[in-house]
Amino acid sequence: MPGLKEYRRKREFTKTAEPKGKKKRTEGKLLFVVQQHAATNLHYDFRLEMKGVLKSWAVPKGPSMNPADKRLAMMVEDHPYDYKDFEGNIPEGNYGAGNVIVWDKGTYHAPDAEDGAGEKQLLAGLHKGKISIVLHGKKLKGEFTLIKTSGRGANAWLLMKKNDEYASQEDILKKSRSVISKKTLEDLNKIHPRKPSRTKPERISRERKPVSAPIKVRAKKKELERVR
């Protein structure tokens with residue numbers, strides 16, 4: 001399937017339950033999904049259906065309903081349409097290892113395309129680096145903007161909430177349960193706990209700071225020069 005080459009390259013489907021991408025999208029409104037993902041670092045995967053795949057951004061701090069917040073969103077590889085329902089565990093040793101829940105999902109459309117998705121307009125916005133969308137989720141509602149930014153890498157975008165009737169200063173991330181299973185990441189962690197790091201950073205006492213080593217080296221070098 002076009003657009004999924006990078007997604008498939010990164011995964012071994014004999015070792016992970018993530019979908020390979022055989023299922024095609026259904027006709028009708030476009031879908032969005034947000035997955036809370038406890039990988040190496042906790043983040044939220046924000047995905048928009050376009051052209052039969054899920055265009056995806058990793059949002060470290062998660063989406064916000066507060067228009068004052070500008071959340072960094074790093075664009076990642078396209079995911080298959082049937083990834084919209086994936087939650088559970090990605091085993092250790094696999095790309096993105098960790099627990100995943102479907103934090104929110106629903107439909108979306110371009111702001112001036114209420115009677116249709118406006119997919120062509122959305123794709124044009126994606127190409128230009130600015131996408132305005134209206135979300136109809138269980139948690140996220142109203143208009144949002146994704147805008148490409150400079151100075152933080154080629155794949156850096158910002159996710160922002162528009163000041164509309166759904167805007168709020170309430171922390172939407174406190175609603176932590178999956179909209180599918182009603183589970184939290186903590187529930188999954190009891191079944192699939194993450195392995196602790198095997199190495200700990202070495203603590204250096206004040207008496208054993210390595211700063212004196214270069215001084216000794218320089219002194220030794222001067223001594224050798226005098227001998228010569």
### Query
Angle class for the Tyr44/Trp103 ring planes (parallel below 30°, perpendicular above 60°, tilted otherwise)?
perpendicular
### Summary
From the list Lys162, Lys130, Lys70, Lys161, side-chain contact (heavy atoms from CB on, under 4.5 Å) with Thr145 holds only for Lys130
### Query
Taking everything shown except Lys10 itself, do over 12 heavy atoms lie less than 6.0 Å from its NZ?
yes
#### Entry: Lys139 atom NZ: more than 12 heavy-atom contacts under 6.0 Å
yes
### Query
Is the count of non-hydrogen atoms from other residues, nucleotides or ligands lying under 6.0 Å from Glu6 atom CD greater than 12?
yes
### Task
Measure across Asp164 and Gly142 and return the closest heavy-atom pair with its distance rounded to 0.1 Å.
OD2-CA, 3.5 Å
### Task
Please work out which of the three classes, parallel, tilted or perpendicular, describes the rings of Tyr83 and Phe86, given edges at 30° and 60°.
tilted
### Query
Apart from Met74 itself, what residues make up its hydrophobic cluster, given side-chain heavy atom links below 4.5 Å?
Leu72
### Query
Is there a salt bridge (Lys or Arg N to Asp or Glu O under 4.0 Å) between Asp187 and Lys182 once you walk through the steps?
CA-CA 10 Å; Asp187 294 331; Lys182 306 305 178 185; over 6 Å; no
#### Entry: Pair Lys175 + Asp104: basic N to acidic O under 4.0 Å
no
### Message
Can you confirm whether the side chains of Asp112 and Gln121 place a donor and an acceptor under 3.5 Å from each other?
### Response
yes
### Message
What's the separation between atom CD in Glu77 and atom OH in Tyr95, rounded to the nearest 0.5 Å?
### Response
4.5 Å
### Query
Would you say the side-chain atoms of Glu49 and Tyr81 include a donor-acceptor pair closer than 3.5 Å?
no
### Query
Which word best sums up how the rings of Trp57 and Trp157 line up, parallel for under 30°, tilted for 30 to 60°, or perpendicular for over 60°?
perpendicular
